[in-house]
Amino acid sequence: MRPKIYLFGDSITESSFTYGGWGASLAHHFSRTVDVVLRGYSGYNTRWAVKVMERVLPAANGESESERERVSTIAVAVFFGANDACLPDRCGAFQHVPLHEYKHNLHSIVSFLKNRWPNTLVLLITPPPIDEEARLKHPYVENPTGLPERTNEAAGAYAKACIEVAGECGLPVVDLWTKMQQLADWKTAYLSDGLHLNETGNRFVFEEVVMKLKTEGLSLENLPVDLPMISEIDPNDPLKAFEG
């Protein structure tokens, strides 16, 4: 069974298999070695993620199948927080999750994953920074207040909380909120609408995730391919490569 990496998150994850998306790039990067499985849900926060994770991540049906799934799932990227950080007094209030609950929910997701797959790497990804002016230009619901439903300051607080949970659980984390803002023109360089990623932003996330996975021991160099490469097939006896 080819190993799997699950991507569990909100719209930034759901859209990651579009052209140039970070998930699609990850699947291409690990082709012949790992299946990258998308579990992205636009608009979802951690409160909703906790409710649905039993349904969206594979359940164990019998001991032998459970063991196969534990062996085959080598990593899960958890990428929530952008919706939790919606402000409670603005048009995205229905998505808001208080900061303390956000941390609790992340802990619950991590515990669930570790109980299901004890040896699986869990990678946390912080929400990205927010361009508030661009959010006003690209509202996704009616916004009569004239105020952005998210602020960069709030996104930063949730990013910090995500990093804290990673530290408390001993997990790796990709701090997008901090790293993206190290570029002076990050608002236009990485974001398409003040929240979601453009092609360059997707490339940035892909590179950060690959680098973090590599530091945790998951890289092309130490993952076997599932079938012989063309270079390993003898032109004079091609079928020999498939014996045994």
Side-chain angles (χ1 to χ4, degrees), residues 8-13 15-16 22 40 42-50 77-110 122-141 143 145-198 200-209 211-212:
F8 186 35
D10 53 34
S11 59
I12 303 175
T13 299
S15 62
S16 70
W22 67 273
S42 179
Y44 276 46
N45 55 33
T46 55
R47 182 183 293 164
W48 304 349
V50 167
V78 178
F79 192 176
F80 288 100
N83 297 317
D84 300 67
C86 285
L87 299 179
D89 59 348
R90 300 194 184 173
C91 63
F94 72 103
Q95 293 170 291
H96 171 74
V97 172
L99 197 58
H100 66 90
E101 184 189 342
Y102 171 69
K103 288 190 66 175
H104 175 77
N105 292 340
L106 279 183
H107 274 287
S108 296
I109 293 169
V110 170
V122 177
L123 171 64
L124 300 186
I125 305 176
T126 77
I130 297 295
D131 176 2
E132 297 165 31
E133 184 177 347
R135 289 307 306 141
L136 286 173
K137 295 177 181 177
H138 302 278
Y140 61 92
V141 295
N143 182 11
T145 68
L147 298 171
E149 83 287 355
R150 296 166 171 84
T151 65
N152 196 37
E153 181 182 6
Y158 283 76
K160 180 181 178 182
C162 181
I163 295 167
E164 290 172 354
V165 172
E168 291 160 6
C169 297
L171 302 177
V173 61
V174 174
D175 181 6
L176 292 182
W177 190 84
T178 298
K179 290 194 171 187
M180 282 187 165
Q181 291 185 86
Q182 290 172 354
L183 186 67
D185 61 344
W186 61 269
K187 294 179 180 180
T188 54
Y190 296 138
L191 304 177
S192 63
D193 60 0
L195 167 64
H196 298 95
L197 307 171
N198 60 21
T200 304
N202 271 286
R203 184 70 189 180
F204 182 88
V205 174
F206 161 71
E207 291 174 351
E208 289 293 322
V209 169
M211 182 169 60
K212 189 64 68 171

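Within the 3.5 Å criterion, the main-chain N or O of His138 finds a donor-acceptor partner in the side chain of Arg135. Of the possible donor and acceptor atoms, none in the side chain of Arg150 sits under 3.5 Å from a partner among the backbone N and O of Leu87. In terms of modelled atom types and a separation under 3.5 Å, the side chain of His96 and the main chain of Cys86 share a donor-acceptor contact. One N or O on the side chain of Trp177 and one on the backbone of Asn152 form a donor-acceptor pair closer than 3.5 Å.
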Residues Ser108, Asn105; criterion side-chain hydrogen bond (donor to acceptor under 3.5 Å, both in side chains); working and verdict | CA-CA 5 Å; Ser108 296; Asn105 292 340; 5.1 Å; no
Using the ring pair (Phe, Tyr, Trp, His ring centres under 6.0 Å) rule, take Tyr158 and Tyr102 through it: C-alpha gap first, then chi angles, then the decisive distance, then the call.
-> CA-CA 8 Å; Tyr158 283 76; Tyr102 171 69; 5.2 Å; yes
Step by step, work out the side-chain contact (heavy atoms from CB on, under 4.5 Å) result for Ile12 and His196.
-> CA-CA 6 Å; Ile12 303 175; His196 298 95; 4.0 Å; yes
Could you check Gln95 against Asp84 for side-chain contact (heavy atoms from CB on, under 4.5 Å), going step by step and ending with a plain yes or no?
-> CA-CA 6 Å; Gln95 293 170 291; Asp84 300 67; over 6 Å; no
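A distance of 9.5 Å separates OG1 in Thr46 from CG in Asn83, rounded to the nearest 0.5 Å. Here CD1 of Ile130 is found 8.0 Å from CD of Glu132. Values are rounded to the nearest 0.5 Å. To the nearest 0.5 Å, the span separating CZ on Phe94 from CD on Glu149 amounts to 9.5 Å. Between Thr200 atom OG1 and Met180 atom CE the span is 10.0 Å, to the nearest 0.5 Å. Here the CG atom belonging to Asp131 is positioned 6.5 Å from the CG atom belonging to Leu191, to the nearest 0.5 angstrom.
With a 4.5 Å cut-off on side-chain heavy atoms, Lys137 and Glu133 count as touching. Contact of the Leu123 side chain with the Val78 side chain is not registered, since no non-hydrogen atoms from C-beta on lie closer than 4.5 Å.
A pairwise comparison of heavy atoms in Pro88 and Ala93 identifies O-CB, 3.3 Å as the closest pair. In this structure, Asn202 and Ser16 approach most closely via the heavy-atom pair OD1-CA, 4.5 Å. Taking each heavy atom of Thr188 and Asn198 in turn, the nearest pair found is O-ND2, 3.2 Å. Considering every non-hydrogen atom in both Leu99 and Ala157, the closest pair reads CD1-O, 3.8 Å.
When the options Tyr44, Phe80, Trp22 are evaluated for a side chain to side chain contact (heavy atoms under 4.5 Å, CB included) with Thr13, the one that passes is Trp22.
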Pairs of donor and acceptor atoms involving the side chains of residues 159-171, under 3.5 Å and at least two apart or interchain, shall be tabulated with distances.
unit_1 : atom_1 : unit_2 : atom_2 : d
Glu164 : OE1    : Lys103 : NZ     : 2.9
Glu168 : OE1    : His107 : NE2    : 2.6
Glu168 : OE2    : Lys103 : NZ     : 3.3

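Look at Glu208 and Lys179 and you find a salt bridge, because one of the NZ, NE, NH1 or NH2 atoms lies within 4.0 Å of a carboxylate O, short of that distance.
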